[in-house]
Protein chains: 2
Amino acid sequence: MSARILIVDDLFPNVKLLETKLTMEYFDVLAAMNGPDALAICAKGLCDLVLLDVMMPGMDGFEVCRRLKNDPNTAHLPVVMVTALDQPSDRLRGLDAGADDFLTKPIDDIALFARVRSLVRLKAVTDELRCRALASRDFGMGDPLALATAETGLNASLLVVEDRASAADRLSSALGQHYAVTVEADPHKALVLATDGAFDLALVSLDLQDFDGLRLCSQLRSLDRTRAMPVVMIAEPHDKARVVRGLDFGVHDYLMRPVDRNELVARVRTQVRRRRFSDTLRGAVQASMELAIMDGLTGLHNRRYLDSHLGALFEEAVQRGRPVAALMLDIDRFKAINDTWGHEAGDEVLRAFADRIRTHTRGIDIVSRYGGEEVVIILPDAEATEAHAIAERIRERVEALPFAIQRDTLKIAVTVSIGVSWRRPEDTSPGDMLKRADRALYRAKHAGRNRVEAAAA
Amino acid sequence: MSARILIVDDLFPNVKLLETKLTMEYFDVLAAMNGPDALAICAKGLCDLVLLDVMMPGMDGFEVCRRLKNDPNTAHLPVVMVTALDQPSDRLRGLDAGADDFLTKPIDDIALFARVRSLVRLKAVTDELRCRALASRDFGMGDPLALATAETGLNASLLVVEDRASAADRLSSALGQHYAVTVEADPHKALVLATDGAFDLALVSLDLQDFDGLRLCSQLRSLDRTRAMPVVMIAEPHDKARVVRGLDFGVHDYLMRPVDRNELVARVRTQVRRRRFSDTLRGAVQASMELAIMDGLTGLHNRRYLDSHLGALFEEAVQRGRPVAALMLDIDRFKAINDTWGHEAGDEVLRAFADRIRTHTRGIDIVSRYGGEEVVIILPDAEATEAHAIAERIRERVEALPFAIQRDTLKIAVTVSIGVSWRRPEDTSPGDMLKRADRALYRAKHAGRNRVEAAAA
């Protein structure tokens, strides 16, 4: 994937060298000679990845990285720190600042390109999600980016695939403080575990006996049920070629042996954060879509949802010769509740009413707020007698216990009238069935309320 | 990106050969020995790409491809046809059936891996979008996948970057029947054109004088404003290495010279379809998110939107010391309209009322349906006198012309009462301002309706 790479370095020759290398590989290159300029370019959304020198006068690379990763508008940008130092403590400072990786000068070209390509590809996959989530922020549904950025990356479930007990022990003890670690020596069993279990990340040794750990990585990256899970390889330093290959097909990160405990924790943390970042964005998009079919007050489905689903549901019942029933519910004398106790109390009653209905309906039923205090329930596969029994149970449960509202300071006795109808062979649309439920409801009201009436034969 | 590749071939040795090659490259491989089995595997969502033999007994590869591409559930799967034949007519049949590419036996490994990787990566980017769009289908908001699948890929705007006039002419004449073609010989100007213009696809020659066409491809693939646009390379047969490189960084497809006219049209068509497929899915997700903040009846914003935006807007006005005003509108005697003409007529009046309001408000104003026949308008930067004038104009325009509804068969005279308020220094929240607008509206009603009343000083 081609991409716009920002090189941040205060020394012009360093910038030029990296620029030449990356341009040869068909990347688009931008440069900044100091931290503030780099932050400005990133804030404008002009780049896809940052190659960041550590030692710069004024704001150093750690600080630039920290700011990028703490700003919801730039937290999604991959950052690779570049430095002449090769001290574990510096690697760690960079990773702690949120860097995605660390390259040491002189830069190994293969490692550079492999890392940049891998990070850019992973980013491309989440960019679309981020765009949609941004839209949900514009629609005033909270700020999923800010939420996602605040994620710590701790308290996750990890799967460690390592068949040497001593190595597995070292990994477990290093990670144990922040994570729940499951060790599995058998790669086949590990694949099954990963598919079944709810792991947030997998660490895979590339030095398993009798099995190519890279194969397990590729399976985890390609199976539907595991491809959202980050995978981190653990390899011997001489095994760089396989590491590059793994990065090429989508493995997220790697550690070289001997594994530095702190670096291990830092890299795992970064990957868990990244995964949760995506999950949060996905959840936000999903939630804003769901809002469109939910009634904001009661949390029941809205009429839009009922209208769009009832047709297909009814048609299926006709095709398969199955029954389907409808209940139309209306709270008795609801206007009096509003007039007496105020609109807010009325709203609370509606919410409590919805809750009570929910406990007496199944997942496959459609329960939707139809109008002010009116609710329609569609019962697939329910015969007339069963529908009548359900209606009677709801009526009885509403009457049985007054609704406690305003933090239990006010108890309001509520009753409900319900009209019941069911599909008849001569019905040409679900509207016919609903009309009969409406008429039955009307009769229930006129017969004194707090009653269930079935549609006339 | 690792992925699950489905090999479809009726000859076992062919399956084995491809399986070995792909497994070595860390792909997950599935196999089917005939068309129906292949369709079943694809329908279950078990693979990411299909390598499809043409000549099979029973259902041939063309038919399998056609079915995959016409089914909304599988149309997104890339299909590469594999065959011993190397006749342009067969390539064409495959492409016409919707295949994404064509490989001839004996298979060139480099071409195979480059193509499979490139298609799998492009798919990974749209998969997330497809998942969200699937959810929007589950929510009963129409079927974007079916819409996207029905796309023809014709009638698009193409940018051809070619500096040899004769070659450019041949391309234009081949594409002219179905597409609007713009030829640009200068790659720098082409980049500007692509950034400004609304092209659906770019065809780029890799044999430009004094410029590396691949560089232009990489820029088009990395710039924000062009990266959604498919890019197709045109290359000399000896230039395979650069073609592979282009595919690696995200170029969508290529044609070798001499360019076959029909193959050109077929490949362009496939890419345009693919792009519009993504656009349709993206639009569907966006639309379902927008539903959540829209009032279904009037198309105005709903109260959820007002509640979530008003706070920030008000706060900004406070910070910057800017005015902000609120209008609260209520249709006079709306209940009488419903009672006399029925609910459907009342709904039509509400829609017409919303339309009339819209023509008198600006893009930055928030116009939201507040309750039944009540609308709130927030006017940023508007002083009291200006807000009053706007309210008076709306009142006057509502009164001036009766609302023509039920296809112009019914004209209903409508009037509106409006309360006007504006931010005061002592206001602690926008609720204070709204409350004053509500009280002013109440006075307008009691003073005889069809009036504008300003909040008391």
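Letters A, B, ... mirror the listed sequences (proteins, then strands); counts begin at 1. Just so it is clear, the model here is predicted, and its values are computed rather than measured.
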Is [X] reaching over with its side chain to a backbone N or O of [Y], donor-acceptor style, under 3.5 angstrom?
{"X": "A:Thr298", "Y": "A:Leu300", "answer": "yes"}
{"X": "B:His252", "Y": "B:Val231", "answer": "yes"}
{"X": "A:Arg4", "Y": "A:Val29", "answer": "no"}

Hey, is [X] close enough to [Y] for a salt bridge, meaning N to O under 4.0 Å?
{"X": "B:Arg117", "Y": "B:Glu25", "result": "yes"}
{"X": "A:Asp438", "Y": "A:Lys435", "result": "no"}
{"X": "A:Asp248", "Y": "A:Arg121", "result": "yes"}

Identify which part of [X] has an atom lying under 4.5 Å from any heavy atom of chain B, answering side chain, backbone, both or neither.
{"X": "A:Arg245", "value": "side chain"}
{"X": "A:Ser278", "value": "neither"}
{"X": "A:Glu128", "value": "side chain"}
{"X": "A:Asp224", "value": "both"}
{"X": "A:Asn302", "value": "neither"}

Checklist entry - Among A:Asp307, A:Leu247, A:Leu220, A:Val125, which residue forms the greatest number of heavy-atom pairs with chain B at distances under 4.5 Å? => result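 Highest number of pairs under 4.5 Å: A:Val125.
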
Checklist entry - Which bit of B:Arg227 is near chain A, if near means a heavy-atom gap under 4.5 Å: side chain, backbone, both or neither? => result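 Looking at B:Arg227, just its side chain touches chain A.
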
Checklist entry - If you count heavy-atom pairs under 4.5 Å with chain A, which of B:Arg282, B:Gln286, B:Gln219 comes out on top? => result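 Among the listed options, the one with the most contacts to chain A is B:Arg282.
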
Checklist entry - Between B:Leu214, B:Val251, B:Val285, which has the largest tally of heavy atom pairs under 4.5 Å with chain A? => result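 Of the candidates given, the most pairs with chain A belong to B:Leu214.
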
Item to check | Exercise: do A:Tyr26 and B:Asp212 side chains pair donor with acceptor under 3.5 Å | outcome: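 Yes, side-chain donor-acceptor contact under 3.5 Å.
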
